[in-house]
Q: 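Below is a structure I'd like to ask you about.
Chain identifiers are assigned alphabetically (A, B, ...) following the order of the sequence lines, protein sequences preceding nucleic acid strands; residue numbering begins at 1 within each chain.
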Amino acid sequence: MTESNSAGSSLRTVSTPSNYIRTMIARDQSNGKYGGRVHTRFPPEPNGYLHIGHAKSICLNFTLAAENGGFCNLRFDDTNPTKESQEYVDAIKDNIRWLGFNWHGEVRYSSAYFNELYSFAIQLVEKELAYVCSLNAEQAREYRGTLTEPGRDSPDRNRPKNESLNLLARMKAGEFADGTYTLRACIDMASPNINMRDPVLYRIRHFAHHQTGNKWCIYPTYDYTHCISDALEGITHSLCTLEFEDHRPLYNWILGQLDLEKLQLASDLAGSSSQYVLPEQTEFAKLKLNYTMMGKRNLKAMVDSGTVDGWDDPRMPTLAGLRRRGVTPAAIRHFCESIGVSRSESVVDLGMLEHAIREDLDRNAPRAMCVLNPLPVLVTNMEEGQVQHLSMANHPKNENMGRRQVPFDRKLVIDRADFAEEPPPGFKRLVPGGEVRLRGAYVIRCDKVEKDASGNITRLLCSADFGTLGQRPQGRKVKGVIHWVSSGHGISSTVRLYDRLFTVENPESSEIEDFRKVLNPHSLQVIENALVEPSVMKEQRRICFQFEREGYFCLDQLDSTTERPVFNRTITLRDSWSG
RNA sequence: UGGGGUGUCGCCAAGUGGUAAGGCACAAGGUUUUGAUCCUUGCAUACGUUGGUUCGAAUCCAGCCACCCCAGCCA
């Protein structure tokens with residue numbers, strides 16, 4: 001499928017890559033399997049912050065629905081109150097909106113279905129498909145068997161249903177302590193699939209829930225809840241990651257035992273004339289990125305140990321961190337589209353993400369100049385107090401982004417890296433006696449190098465060729481172009497340079513006993529005396545800029561003040577110079 | 001030695017019996033007042049492996065190998 005190629009008006013060809021889930025949905029659509037409906041859901045547990053891996057799932061679920069004129073719900077899978085909180089609920093909603101997606105209708109919660117879930121549980125007991133079990137956790141493990149040996153039936157497996165019904169009611173009423181009883185499905189203790197060995201449906205937890213408070217002291221498990229929640233919401237395609245593959249038989253078993261009519265009646269599709277079709281689970285490989293730690297527990301450990309400044313530290317792979325880093329939602333969406341979807345576990349190269357970020361920022365970030373490591377330059381043939389306001393394009397290819405005035409005067413700064421007394425081979429920047437173009441301004445020649453007593457270069461005395469504004473210098477070629485800022489007009493800024501957090505491709509490898517040992521000591525470098533051109537603060541332009549020849553930067557939304565801007569480097573420019 | 005999965009270029013990834021898409025990375029040119037962008041070109045006789053079926057196989061069949069997931073009252 002290719003869109004946008006009418007008469008070459010759009011140079012960019014956007015194609016939606018084929019993947020097995022898209023293909024499956026297209027097939028379902030043409031077969032009329034769900035009566036033309038495509039309804040997905042993104043179902044996070046609110047037990048942490050979302051990261052780039054979740055973005056893959058979010059993009060998948062929302063775009064698949066949108067492509068087919070369907071809907072995507074946001075449902076918090078909140079069946080374990082001991083790990084969850086409202087803080088996470090709020091952050092997740094915020095992140096999804098930031099990414100640019102709108103969920104269908106109200107936010108859903110599995111906990112909103114506790115009543116229905118409970119009555120379906122009673123149904124199962126009445127059909128003798130579930131029983132109340134008094135084995136404790138340790139005993140249950142013994143009875144479960146192992147990967148290679150079958151399990152043994154619980155002594156309570158044949159408990160009369162009335163007794164189970166009674167016990168279940170008392171569990172719900174709070175008569176029993178945590179761990180004393182569970183409700184279990186009655187399936188097959190000898191199943192080669194361990195998930196089918198009488199899985200727990202309900203457990204007792206005297207713990208307040210962030211949504212339901214103290215109303216419940218028994219909570220349904222994931223396996224029991226997820227399939228029914230999907231069915232209640234009229235979900236058609238239930239997408240999840242590969243580790244749930246073995247749970248699919250259980251997903252189908254549970255839904256298969258329930259009364260279809262009652263299910264539909266309790267669902268969003270109640271009253272619908274179309275045939276009620278059960279949702280189906282499809283798995284895909286979760287995103288892995290090299291040099292990146294994705295595990296929630298590990299990310300939390302980095303936050304708690306102070307290794308990073310918080311969940312939104314710009315080095316974190318969390319959506320909050322990427323956002324603060326200056327990564328745009330569009331870049332993340334394009335990245336997620338570009339990596340594809342498959343069932344093979346794969347490790348995506350960080351370079352792919354970086355490419356998506358640069359691609360978006362190159363097109364959309366206005367240019368500006370910022371000198372990170374200032375070296376004073378005196379333009380000797382410029383008069384003291386004289387200021388020229390040079391007009392510069394905000395974008396080299398998009399004049400719609402306008403122009404700005406950049407003050408040029410006798411006292412400037414350039415970056416120390418752009419001057420060398422003894423230049424390496426291929427050096428195109430400023431050298432003693434040499435010439436270089438000041439971007440958007442004049443060609444200057446370095447006439448003299450001033451040093452302090454210990455030999456450090458303190459200032460360059462240069463002369464400008466005033467005939468070179470917008471003109472090529474006559475009779476010679478000047479290859480180098482460097483950026484500059486007026487030292488009198490520039491704004492002193494803090495700039496934070498970020499690099500990858502880890503020195504190894506797989507920081508979560510089992511061979512690494514502690515991730516602290518593979519941290520990149522240079523993942524954050526803070527520069528306190530950078531000088532940025534004044535237009536950046538004057539105009540309420542955007543928060544993302546390309547500082548020419550340095551990279552893409554964004555104004556830190558938390559730490560910046562009008563007196564003292566703080567910039568975060570989102571990413572460097574590509575640098576193909578091997579010097 | 002149980003069950004469920006996966007193996008196509010350095011990294012993602014299309015491909016579903018008719019003779020290996022695309023992107024990233026990389027390399028070489030060109031344009032360029034960002035060593036950026038952009039443009040052009042190159043980059044798997046080869047699809048884990050061994051056999052088989054077929055006029056024809058990455059695609060079908062069988063065996064083998066490698067890797068991943070599962071023994072929470074987590075999700």
Side-chain angles (χ1 to χ4, degrees), chain A residues 11 15 17-20 23 43-45 47 77-80 82-84 133 135-137 140-141 144-151 178-184 191-197 199-205 219 221-223 225-226 240-249 283 285 290 296 337-356 358-359 362-363 367 369 392 395-397 426-429 436-443 468-472 478-483 546-551 572-579:
Chain A
L11 296 171
S15 60
S18 162
N19 67 54
Y20 71 103
T23 305
E45 183 188 18
N47 67 346
D77 213 347
D78 55 347
T79 58
N80 184 0
T82 63
K83 291 188 171 178
E84 303 159 4
C133 176
L135 255 27
N136 65 32
R141 193 181 325 122
R144 190 157 34 234
T146 69
L147 293 178
T148 50
E149 304 159 56
D178 291 6
T180 50
Y181 288 103
T182 57
L183 181 72
R184 292 226 259 162
S191 172
N193 181 344
I194 294 184
N195 294 301
M196 301 297 272
R197 316 236 264 230
V200 170
L201 269 23
Y202 269 92
R203 71 284 215 193
I204 302 171
R205 285 255 207 292
Y219 291 96
T221 55
Y222 163 84
D223 283 311
T225 307
H226 204 91
C240 64
T241 44
L242 249 25
E243 68 269 29
F244 293 104
E245 244 171 336
D246 293 341
H247 295 241
R248 188 171 0 118
E283 309 85 15
N290 59 9
K296 251 179 204 176
E337 192 68 44
S338 77
I339 55 174
V341 183
S342 77
R343 295 177 67 92
S344 67
E345 72 196 58
S346 51
V347 182
V348 175
D349 195 293
L350 235 205
M352 288 255 224
L353 211 212
E354 296 177 340
H355 170 79
R358 290 194 181 102
E359 188 181 44
D362 175 59
R363 203 164 33 240
R367 315 282 121 127
M369 293 192 290
M392 290 182 74
H395 191 103
K397 290 188 173 172
F427 193 73
K428 295 205 305 196
R429 288 103 96 146
V436 76
R437 160 79 61 182
L438 292 181
R439 171 117 248 243
Y442 308 101
V443 168
T468 56
L469 188 63
Q471 308 279 331
R472 283 168 197 247
V478 174
K479 265 197 231 158
V481 180
I482 65 174
H483 56 104
Q546 184 197 98
F547 290 159
E548 295 203 63
R549 302 207 313 126
E550 291 291 357
T572 60
L573 257 29
R574 269 185 83 225
D575 183 8
S576 58
W577 185 46
S578 49

Q: If you look at every strand shown and take non-hydrogen atoms under 4.0 Å, does T146(A) touch a base, only sugar-phosphate, or nothing?
A: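 The answer is base, as T146(A) lies within the cut-off (heavy atoms under 4.0 Å) of a base atom.
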
Q: Parallel, tilted or perpendicular: which one describes the rings of F244(A) and H247(A), with boundaries at 30° and 60°?
A: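 Ring orientation of F244(A) relative to H247(A): perpendicular.
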
Q: Let me spell it out: for each of N19(A) and L242(A), pick the nucleotide of RNA chain B with the closest heavy atom. Which residue's pick is nearer the 5' end?
A: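 Counting from the 5' end, the first nearest nucleotide belongs to L242(A).
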
Q: Side chain of I194(A) only, heavy atoms from C-beta on: which candidate in rU32(B), rG35(B), rA71(B) is closest?
A: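 Comparing rU32(B), rG35(B), rA71(B) against the side chain of I194(A), the answer is rA71(B).
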
Q: Which part of the nucleic acid, if any, lies within reach of P396(A) when heavy atoms closer than 4.0 Å are counted: base, sugar-phosphate only, or nothing?
A: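 The residue P396(A) makes base contact.
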
Q: Classify the nucleic acid contact of G440(A) as base, sugar-phosphate or nothing, counting any heavy atom under 4.0 Å across all strands shown.
A: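 Base: the residue G440(A), judged by heavy atoms under 4.0 Å, touches a nucleobase.
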
Q: Out of rU6(B), rC11(B), rA75(B), which has the shortest distance to the side chain of S344(A)?
A: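 Selected nucleotide (nearest to the side chain): rU6(B).
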
Q: S342(A) side chain: which of rA13(B), rG35(B), rA75(B) is closest?
A: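 Minimum distance to the S342(A) side chain belongs to rA13(B).
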
Q: Given rA75(B), rU37(B), rG5(B), identify the nucleotide with an atom nearest to the side chain of E345(A).
A: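 So the nucleotide nearest the side chain must be rG5(B).
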
Q: Strictly below 4.0 Å, N to O, side chains only: are R549(A) and D575(A) in salt-bridge contact?
A: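 Salt bridge flag = no for D575(A) with R549(A).
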
Q: Which part of the nucleic acid, if any, lies within reach of S18(A) when heavy atoms closer than 4.0 Å are counted: base, sugar-phosphate only, or nothing?
A: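 Result for S18(A) = sugar-phosphate.
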
Q: What contact category does G470(A) fall into here, base, sugar-phosphate, or nothing, at under 4.0 angstrom with non-hydrogen atoms?
A: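 It contacts base atoms.
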
Q: Would you say T182(A)'s side chain and R184(A)'s backbone share a donor-acceptor pair under 3.5 angstrom?
A: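 Flag not set: sc T182(A) to bb R184(A) has no pair under 3.5 Å.
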
Q: In terms of side-chain heavy atoms of N195(A), which of rC70(B), rU37(B), rA71(B) is nearest?
A: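 Among the listed nucleotides, the one closest to the side chain of N195(A) is rC70(B).
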
Q: Across the strands shown, which category fits H483(A) at heavy-atom distances under 4.0 angstrom: base, sugar-phosphate, nothing?
A: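 Answer is nothing: H483(A) stays at 4.0 Å or more from every strand.
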
Q: Under 4.0 Å, heavy atoms only, any strand: does R429(A) hit a base, just the sugar-phosphate, or nothing?
A: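 Base, at least one base heavy atom under 4.0 Å.
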
Q: Where do I482(A) and L438(A) land on the side chain to side chain contact (heavy atoms under 4.5 Å, CB included) test, with the steps shown first?
A: CA-CA 5 Å; I482(A) 65 174; L438(A) 292 181; 3.8 Å; yes

Q: Checking contacts here: which listed nucleotide (rC12(B), rA36(B), rU33(B)) is nearest the side-chain heavy atoms of R439(A)?
A: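 From the listed options, rU33(B) comes nearest.
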
Q: Checking only heavy atoms, does the side chain of R367(A) share a donor-acceptor pair with the base of rU34(B) at less than 3.5 Å?
A: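 A donor-acceptor contact between them is present.
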
Q: Stepwise, does the side chain to side chain contact (heavy atoms under 4.5 Å, CB included) test hold for N80(A) with R203(A)?
A: CA-CA 10 Å; N80(A) 184 0; R203(A) 71 284 215 193; 3.9 Å; yes

Q: Between the side-chain atoms of E550(A) and the base atoms of rU34(B), is any donor-acceptor pair under 3.5 Å?
A: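 Answer is no: no donor-acceptor pair is held.
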
Q: Taking N and O atoms by type only, does the side chain of D246(A) place a donor or acceptor under 3.5 Å from a partner on the base of rG3(B)?
A: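 Per atom types, the contact qualifies.
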
Q: Using heavy-atom distances to pick each residue's nearest nucleotide on RNA chain B, tell me which of A137(A) and T148(A) is more 5'.
A: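 Going by which nucleotide is closer to the 5' end, it is T148(A).
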
Q: Tell me: CZ of R197(A) to P of rG4(B), nearest whole Å?
A: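 Rounded to whole Å, this separation is 13 Å.
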
Q: Give F244(A) one of three labels, base, sugar-phosphate or nothing, depending on what nucleic acid heavy atoms sit under 4.0 Å from its own.
A: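 Base contact - F244(A) has a heavy atom under 4.0 Å of at least one base atom.
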
Q: Could you go step by step and tell me if D78(A) and K83(A) meet the salt bridge (charged side-chain N to carboxylate O under 4.0 Å, His left out) rule?
A: CA-CA 9 Å; D78(A) 55 347; K83(A) 291 188 171 178; over 6 Å; no

Q: Pick out the pairs of N or O atoms, protein on one side and nucleotides 39-44 of chain B on the other, that lie under 3.5 Å.
A:
none

Q: Looking at the base of rU33(B), is there any donor atom on it, or on the side chain of R437(A), that sits under 3.5 Å from an acceptor on the other one?
A: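 Per atom types, the contact qualifies.
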
Q: To the side chain of H355(A), which of rU37(B), rU33(B), rG23(B) is closest?
A: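 Of rU37(B), rU33(B), rG23(B), rG23(B) is nearest to the side chain of H355(A).
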
Q: Just wondering, do W577(A) and rG35(B) stack (centres under 5.5 Å, planes under 30°)?
A: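 Aromatic stack with rG35(B) present for W577(A).
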
Q: Could you tell me whether I482(A) contacts a base, only the sugar-phosphate backbone, or nothing, with contacts defined as non-hydrogen atoms closer than 4.0 Å?
A: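 If one applies the 4.0 Å heavy-atom cut-off, I482(A) turns out to touch nothing in the nucleic acid.
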
Q: So Q546(A), base contact, sugar-phosphate only, or nothing? Heavy-atom distance under 4.0 Å.
A: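 Base, at least one base atom sits under 4.0 Å.
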
Q: Classify the nucleic acid contact of V443(A) as base, sugar-phosphate or nothing, counting any heavy atom under 4.0 Å across all strands shown.
A: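 No contact.
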
Q: Base, sugar-phosphate, or nothing for V341(A), non-hydrogen atoms under 4.0 angstrom?
A: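 Sugar-phosphate, no base atom in range.
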
Q: Could you give me the CA-CA distance, side-chain angles and deciding distance for S342(A) and S344(A), then say whether side-chain hydrogen bond (donor to acceptor under 3.5 Å, both in side chains) is met?
A: CA-CA 6 Å; S342(A) 77; S344(A) 67; 3.2 Å; yes

Q: Which heavy atom in M392(A) sits nearest to a heavy atom in M369(A), and how many Å separate them?
A: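 Reported closest heavy-atom pair: SD-CE, 3.9 Å.
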
Q: Name the nucleic acid region contacted by R248(A), choosing base, sugar-phosphate or nothing; use a 4.0 angstrom heavy-atom cut-off, strictly under.
A: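 No contact.
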
Q: Tell me what G426(A) touches on the nucleic acid: a base, only sugar-phosphate, or nothing, going by heavy atoms under 4.0 Å.
A: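 It contacts base atoms.
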
Q: Please report the C-alpha distance between K428(A) and V481(A) in whole Å, then the side-chain angles of each, then the deciding distance to 0.1 Å, and finally whether the side chain to side chain contact (heavy atoms under 4.5 Å, CB included) criterion is met.
A: CA-CA 8 Å; K428(A) 295 205 305 196; V481(A) 180; over 6 Å; no

